[in-house]
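All chains are named by letter (A, B, ...) in the order of the sequence lines, taking the proteins before the strands, and each is independently numbered beginning at 1.
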Protein chains: 2
Amino acid sequence: MTRIAPTTTKGIPEATIARLPVYLRALASLADQGIATISSGALAEAAGVNSAQLRKDLSYLGSYGTRGVGYNVEYLRFQIGREVGSAHEWPVIIVGLGNLGTALANYSGFSSRGFRVVALVDSAPEQVGRWIHGLTVSALDDLEQVVASTGAAIAVIATPPGAAQAVCDRLVGLGVTSILNFAATVLVVPEGVNVRKVDLGQELQILAYHEQRKSDDPRVFDGAYAAEVTPA
Amino acid sequence: MTRIAPTTTKGIPEATIARLPVYLRALASLADQGIATISSGALAEAAGVNSAQLRKDLSYLGSYGTRGVGYNVEYLRFQIGREVGSAHEWPVIIVGLGNLGTALANYSGFSSRGFRVVALVDSAPEQVGRWIHGLTVSALDDLEQVVASTGAAIAVIATPPGAAQAVCDRLVGLGVTSILNFAATVLVVPEGVNVRKVDLGQELQILAYHEQRKSDDPRVFDGAYAAEVTPA
DNA sequence: TTATGTGAAAGCGTTCACAGCC
DNA sequence: GGCTGTGAACGCTTTCACATAA
């Protein structure tokens, strides 16, 4: 029983939460450079956001800055990290070891951010037993045991679209409550389970939409017009 | 000179544009199932959105439905596809062929959505000349020629964080105007260039935030409380 | 009768601008 | 004097609810 007070639960906006990891990364980089203190303006620039936005975001977590001075890099880093859950090292399992799943299993960006890939699962018999990045691939049939033994609450789905919902249902049934979905399908989950979708094709399509606009009329920058403002 | 009228440029909200690919995918799936007509309610469910939202989104494109009936699947698919730029087949180049870049080069989800990976580029001499998915890896030094000969306006950056901004600058200098960034860095680009970021570590951190909240208090679903509503 | 298309309302998120504190 | 923290204004997004059309 850690924190009991329920109404104390801070209502941090979802948009802010999505930016906290960006701030963390910027702070890590500053710390590496030996910078001890930073202003909201400079940190905002490093994170690619407006400085007012940064200050408002941080104000949801608490008052960690010093007026007239700025923020202590290490202290702020610790506070944001604690909020995001970096104190903990989260075990993660990956289901589906095609090209993408295999790349994710080897991806170093997870471990550097407080996640540890603890199990790999695939349904194809030829994948099972394969050795990837220090782990052997388990059979989908053994999913129950894999989840139970690792205690993972977070799973990555990188299966073909057709298999994703079934895998998701099984994971949820075994107690997984956070899913990162790379499959090109909309997953339906019960309340209390969080899903984030990464659809690579979709990202390119959004770029293509803007690209098409640009080629329609070279002066168009993203639907709005650049320059030609105040034609003297 | 295709469409000249500048003020005719429809102001489709960014949030809507981001959902169009989702609708396209749902429509493709319906078409495969042989379904010819669909209501906003059913399509919204397949896409995982509210039906009012779907109708409002589609209304920005035009009036493609029939009152009292619904939408013709193939016709709507064509209209959305045209808007997003699926008519065109977009050439894409990938820079950085580590685990992730290699997986992307092999990823089938791009070609099925109107994109063709036309060139692979890496700075490491041991990568250059490697044969991946029907393409040989070019040297970063040859970037100018690669962009010129392929005519790609869209590039994927999957380099280490430290190299990303320099690669980005070179790409932009060579005329690339849309970038999908997998590197864990904030890219700075001139106006008129679109960047979309996919940060896998960040996605997990957002899930971890919510996960932490859940373990603080098992009754908490995402900051809000579930059940216990109307305690009889 | 049924389901779209859309003004109007409500809800969020961002930005401004300045009071408060070092 | 300088920079944080924050109410208030603004703008964008979602949802409602109904007029409109088949």
| field | DNA chain D-proximal residues of residues 39-50 of chain A, any heavy atom under 4.0 Å | value | A/Ser39, A/Ser40

| query | Partners of B/Ser178 by side-chain hydrogen bond (donor to acceptor under 3.5 Å, both in side chains), sequence neighbours excluded? | reply | A/Glu211

| task | Enumerate the residue pairs fulfilling salt bridge (Lys or Arg N to Asp or Glu O under 4.0 Å) with a member in residues 192-205 of chain A, sequence neighbours excluded, ordered by first and then second residue. | result | A/Arg196-B/Glu203, A/Asp199-B/Arg25, A/Asp199-B/Arg113, A/Glu203-B/Arg196

| note | Residue pairs meeting salt bridge (Lys or Arg N to Asp or Glu O under 4.0 Å), one or both in residues 161-171 of chain A, sequence neighbours left out, come to none

| task | For A/Tyr75, enumerate each residue passing the ring pair (Phe, Tyr, Trp, His ring centres under 6.0 Å) test, keeping only those at least two apart in sequence or located in another chain. | result | A/Tyr64

| Nucleotide range of DNA chain C contacted by chain A, 5' to 3', under 4.0 Å to a heavy atom? | C/dG13 to C/dC22

| remark: The complete set of salt bridge (Lys or Arg N to Asp or Glu O under 4.0 Å) pairs with one or both residues in residues 57-74 of chain B, sequence neighbours excluded, reads B/Arg19-B/Asp57, B/Glu74-B/Arg77

| field | Degree of bending in the helix from C/dT1-D/dA22 to C/dC22-D/dG1 once both end axes are built from five pairs, to 10° | value | 0°

| Interface with DNA chain D, restricted to residues 27-36 of chain B and to heavy atoms under 4.0 Å | none

| request: Walking along DNA chain D from 5' to 3', note the first and the last nucleotide with an atom under 4.0 Å from a heavy atom of chain A, and give both. | output: D/dG2 to D/dA8

| query | Is there a side-chain contact between A/Ile38 and A/Leu76, using heavy atoms and a 4.5 Å cut-off? | reply | no

| remark: The side chain to side chain contact (heavy atoms under 4.5 Å, CB included) partners of A/Glu89 (sequence neighbours excluded) come to A/Arg116

| field | Selection residues 31-56 of chain B - residue pairs positive for salt bridge (Lys or Arg N to Asp or Glu O under 4.0 Å), sequence neighbours left out | value | none

